[in-house]
Amino acid sequence: MAAEEQILAPDQRKPTSRKALYTALGVGIVINLAYLFGNHTGWVEDAFLIITAVVLLGVIVSDAWLRKTGLR
């Protein structure tokens with residue numbers, strides 16, 4: 001089965017849709033921040049939700065910066 005597969009370099013593959021990536025990460029950020037408004041007590045859960053949202057936002061910002069500078 002491997003004999004029939006075409007060998008492609010990574011730069012020959014179809015690039016990932018940036019709009020779809022940014023939309024999915026944005027929805028993830030909104031969902032994580034929506035969990036802050038729940039029926040819970042304590043701040044540990046809130047800290048993890050905020051950290052997760054910041055990491056997702058960091059992925060968006062770093063990807064946009066890398067594409068702007070031509071490194072990706």
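Computed from heavy atoms alone, side chains included, the values below leave out hydrogens, waters and symmetry copies.
- Side-chain contact between Ile29 and Ile60: present, with at least one pair of heavy atoms (C-beta onward) separated by less than 4.5 Å.
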Show me the donor-acceptor pairs, under 3.5 Å and distance only, between side chains in residues 40-49 and residues at least two apart or in other chains.
from  : atom 1 : to    : atom 2 : distance (Å)
His40 : NE2    : Asp46 : OD1    : 2.8

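- For the side chain to side chain donor-acceptor pair (under 3.5 Å) condition, no pair includes a residue of residues 47-60, sequence neighbours left out.
- The hydrophobic cluster containing Ile51, built from Ile/Leu/Val/Met/Phe/Trp/Tyr side-chain heavy atoms closer than 4.5 Å, also comprises Val55.
- The side-chain contact (heavy atoms from CB on, under 4.5 Å) check on Ser17 picks up Lys19, Ala20, with sequence neighbours excluded.
- Counting heavy atoms from C-beta on, the side chains of Ile50 and Leu36 come closer than 4.5 Å.
- Annotation: the span from Asn32 atom CG to Leu57 atom CG amounts to 12.0 Å, rounded to 0.5 Å.
- Taking hydrophobic clusters as Ile, Leu, Val, Met, Phe, Trp and Tyr residues chained together by side-chain heavy-atom distances below 4.5 Å, Leu21 does not share a cluster with Val30.
- Partners of Tyr35 under the side-chain hydrogen bond (donor to acceptor under 3.5 Å, both in side chains) rule, at least two apart in sequence or in another chain, do not exist in this structure.
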